Amino acid sequence: MISVVMSVYNESEDLLFEAVDSILRQTEKRFELIIVLDNPSNKIVSNQIKEIGANDSRIRIIENSENIGLASSLNKAISLAQYDIIARMDADDISLENRLERELAEIENGYDFVFSKYVVIDENGKLKFSYKKFESESD
């Protein structure tokens, strides 16, 4: 079981939807997604998040009464997490479908901390940068 934590401030509706959707489409289905809205004055983002959260019971929405910053918002989400394994997600990132499955498998193999490779894409989905494998990596 994994708790995915995300803080939202002023991300666009499209970016936010893609980020959340990439978590909801994970091959690993045993997770919760805790979204902290850290900009309570942005009613558009607040309404979008609440609408997204209403469609899936794995999503929990926390709305800060005032802006407390990214680190404090993430710490708040972690303190409310149901599970011991925490995955970090930015509101403008997109996860590959097997991200949580692969990370969980590594943790179950005895690792305490894992991270994944990444690629950088622009707002049109065009590849801007790709993580290069180290010589000793097999995958």
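Everything numeric here is computed off the predicted structure, so don't read it as measured data.
Side chains of Asp93 and Ser95: a donor-acceptor N/O pair is absent below 3.5 angstrom, by distance only. No side-chain donor-acceptor contact under 3.5 Å links Asn67 and Asn39.
Screening Asn42, Ile35, Val36 for a side-chain contact (heavy atoms from CB on, under 4.5 Å) involving Val8 leaves a single residue, Ile35.
The side-chain heavy atoms of Ile23 and Arg99, taken from C-beta on, include a pair separated by under 4.5 Å. In this structure, the side chains of Gln26 and Val4 stay at 4.5 Å or more apart for every pair of heavy atoms.
Between atom CG of residue Asp38 and atom CG of residue Asn10 there is a gap of 10.0 Å, rounded to the nearest 0.5 Å. Remark: Ser7 OG to Ile34 CD1 distance equals 12.0 Å, nearest 0.5 Å. Going from atom CG of Asp14 over to atom CD of Glu18 covers 7.0 Å, rounded to the nearest 0.5 Å. From Leu16, atom CG reaches atom CE of Met6 across 6.5 Å, with rounding to the nearest 0.5 Å. With values rounded to the nearest 0.5 angstrom, Leu96 atom CG is found 8.5 Å from Arg102 atom CZ. Leu37 contributes atom CG, which lies 8.0 Å from atom NZ of Lys43 (distance to the nearest 0.5 angstrom).
Note: the hydrophobic cluster containing Ile49 does not contain Leu74 (ILVMFWY, side chain heavy atoms under 4.5 Å, direct or indirect links). Ile2 and Tyr111 end up in the same hydrophobic cluster when Ile, Leu, Val, Met, Phe, Trp and Tyr side chains are linked at under 4.5 Å. Note on Tyr9 and Ile52: separate hydrophobic clusters, where clusters join Ile, Leu, Val, Met, Phe, Trp and Tyr whose side-chain heavy atoms are under 4.5 Å apart, directly or indirectly. At a threshold of 4.5 Å between side-chain heavy atoms, the hydrophobic network of Ile, Leu, Val, Met, Phe, Trp and Tyr places Val5 and Met89 in two separate groups.
Between Leu24 and Lys29, the closest heavy-atom pair is O-NZ, 3.9 Å. What you find for Ser3 and Gln82 is that their closest heavy atoms are OG-N, 3.6 Å. Scanning all heavy atoms of the two residues, the minimum distance from Ser73 to Asn64 falls at OG-ND2, 3.0 Å. Across all their heavy atoms, Asp90 and Ala19 have their closest contact at O-CB, 3.9 Å. Between Ile59 and Ile61, the closest heavy-atom pair is CG2-CD1, 3.6 Å. Looking at every heavy atom in both residues, Glu106 comes nearest to Val114 through CB-CG1, 3.7 Å.
Within a 6.0 Å sphere centred on OH of Tyr83, heavy atoms belonging to other residues, nucleotides or ligands number more than 12. Other residues, nucleotides and ligands contribute only 12 or fewer heavy atoms inside 6.0 Å of the CG atom of Asp84. Environment of CD1 in Ile78: crowded, with over 12 heavy atoms of neighbouring residues, nucleotides or ligands closer than 6.0 Å.
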Worksheet entry | Residues Leu100, Glu103; criterion side-chain contact (heavy atoms from CB on, under 4.5 Å); working and verdict | CA-CA 5 Å; Leu100 297 180; Glu103 289 175 347; 4.0 Å; yes
